[in-house]
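Note sheet for the following structure.
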Protein chains: 2
Amino acid sequence: MKMNEGVEWALHSCVNLCWLPEQAVPAAKLAAFYNLPAAYLNKQLQALTRAGILSSTPGPKGGFQLARFPEQISVLDIVVAIDGPDEAFRCSEILRDGPGGNATTDYRKTCLISQTMRTAELNWRRELAAATIADIVAKVERTFPATPENTRRWFEGLRT
Amino acid sequence: MKMNEGVEWALHSCVNLCWLPEQAVPAAKLAAFYNLPAAYLNKQLQALTRAGILSSTPGPKGGFQLARFPEQISVLDIVVAIDGPDEAFRCSEILRDGPGGNATTDYRKTCLISQTMRTAELNWRRELAAATIADIVAKVERTFPATPENTRRWFEGLRT
DNA sequence: GTCATAGTACTCGGATAATCGTTGTCCGAGTACGTTTGG
DNA sequence: CCAAACGTACTCGGACAACGATTATCCGAGTACTATGAC
């Protein structure tokens, strides 16, 4: 079980975009900040755009920027946008193929093993849905007060 | 993010083994119960054996059986045995490659994004660690009282 | 001097390979049982 | 009749392929800016 690596990149990029409001940042610059492969990060940002988390503008002075307020972007939103909506544990309803299996019943709901795995994963999703980008940004600014200004300056410096 | 499919098979097989105590059940029979590929299920049962969850005996009248009491086998134990111990979200510490990155600090602990993902996943693990095979068996017996006897009879019938 | 126009550089976007992990299969090592053979 | 040895069938165990998803890369469509030339 391995989550798509792009989730980490997307989360960090969204946090950085919070500190660069009112401007579009190209994928190449966001990638250069962490020395990431630019083309691949671009692919992830495209997924965020399709999900309505970012908005993109092509051409010179173009790039990506947040499409919503940070308070309205949950960590789960980004995970789903990059990693897909499917659950990790997928009940294949093997009880149906066993003796006494019924073709009509939905074993995803009746099977107690499925229920156990499902509720655990649902709570995981709930926790990630409660955490917003704004929360993370606030914690970073409280823990490392210099980070926002440093980040802003780094991107400004690259701009020249 | 997709969990190994064998986890579901392993969980169901362990529950079935609870109803067949004092005897070794070969992988082929456990697979036939759900029409699963026998050789591949065997592979998963091997992993459970390596983890100390099952004990195996080769030769005629051989097979697998629980190595511990069902109360001492958590769902997490089985997940870890089959799917591996690695976490789904793996912080690659990209902050180190960014400006102001330090080579000595452990960003898995300081990075707030990593913390958020980590605690959510830790809670997920905690929940699965609290659920034992005995719990699931008890719930099944309470919800479907006929299942244990039916299962036992099915395996006995195949034995002839 | 001013405006229109052509050119250029830059950006996203999707289509296209390479790599890794999961899925699936196979054959060999070892064990217990049944059978046979000698005493 | 009894016991020991042999052969056979069955099981796990790990090594070996096939498939699919993730990872990575590249080129084309479109846009805004810039430079140039005509009026």
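Just so it is clear, the structure is predicted and the values come from calculations on it, not from any experiment.
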Nucleotide of D:dT11, D:dA32, C:dG24 approaching B:Pro58 most closely (side-chain heavy atoms): D:dT11
Between P of D:dC12 and OH of B:Tyr40, the distance in whole Å: 17 Å
Per A:Lys43 side chain, nearest of listed nucleotides C:dC12, D:dT23, D:dG13: D:dT23
Touch class at under 4.0 angstrom, heavy-atom based, for B:Lys2 against every strand present: sugar-phosphate
Nearest-angstrom distance from the residue atom CG of A:Leu54 to C1' of C:dG13: 14 Å
Phosphate OP1/OP2 of D:dT11: any B:Asn42 side-chain N/O under 4.0 Å: no
Rounded distance (Å) that lies between atom C1' of D:dA24 and atom CD of A:Glu5: 11 Å
Nearest-Å distance for atom pair CG/P, residues A:Leu41 and D:dT25: 12 Å
Selection from C:dG24, C:dT25, D:dG13 that lies nearest to any side-chain heavy atom of B:Ala39: C:dT25
d(NZ, A:Lys29; P, C:dC12) in whole Å: 10 Å
Nucleotide nearest B:Asn4 (side chain, heavy atoms from C-beta), chosen from C:dT22, D:dT22, C:dA32: C:dT22
Nearest-nucleotide 5' precedence on DNA chain C, A:Thr57 against A:Met1: A:Thr57
Rounded interatomic separation in angstrom, taking CG from A:Leu48 and C1' from C:dG13: 14 Å
Position toward the 5' end of DNA chain D (nearest nucleotide), A:Gly59 or A:Met3: A:Met3
Partners meeting side-chain hydrogen bond (donor to acceptor under 3.5 Å, both in side chains) with B:Arg108 (sequence neighbours left out): B:Glu93
First encountered from the 5' end of DNA chain C, between B:Pro60 and B:Gln44: B:Gln44
B:Asp135/B:Thr132 under side chain to side chain donor-acceptor pair (under 3.5 Å): CA gap, chis, key distance, verdict: CA-CA 5 Å; B:Asp135 294 335; B:Thr132 69; 3.1 Å; yes
Value in whole Å for how far the P atom of D:dT23 lies from CH2 of A:Trp9: 8 Å
Length of the NZ-P vector between A:Lys61 and D:dA32, whole Å: 13 Å
Residue pairs fulfilling ring-ring contact (aromatic ring centres under 6.0 Å, His included) with at least one residue in residues 17-45 of chain B, sequence neighbours excluded: B:Trp9-B:Tyr40, B:His12-B:Tyr34, B:Phe33-B:Trp154, B:Phe33-B:Phe155
Contact under 4.0 Å: A:Arg50 side-chain N or O vs C:dG14 OP1/OP2: yes
Distance test, side-chain N/O of A:Ser56 to OP1/OP2 of C:dG13, below 4.0 Å: yes
Donor-acceptor contact present, side-chain B:Asp83 to main-chain B:Asn4, <3.5 Å: yes
Pairing of A:Glu121 and A:Arg125 as salt bridge, 4.0 angstrom limit: yes
Closest to the A:Pro26 side chain, choosing from D:dG13, C:dT11, C:dG13: C:dT11
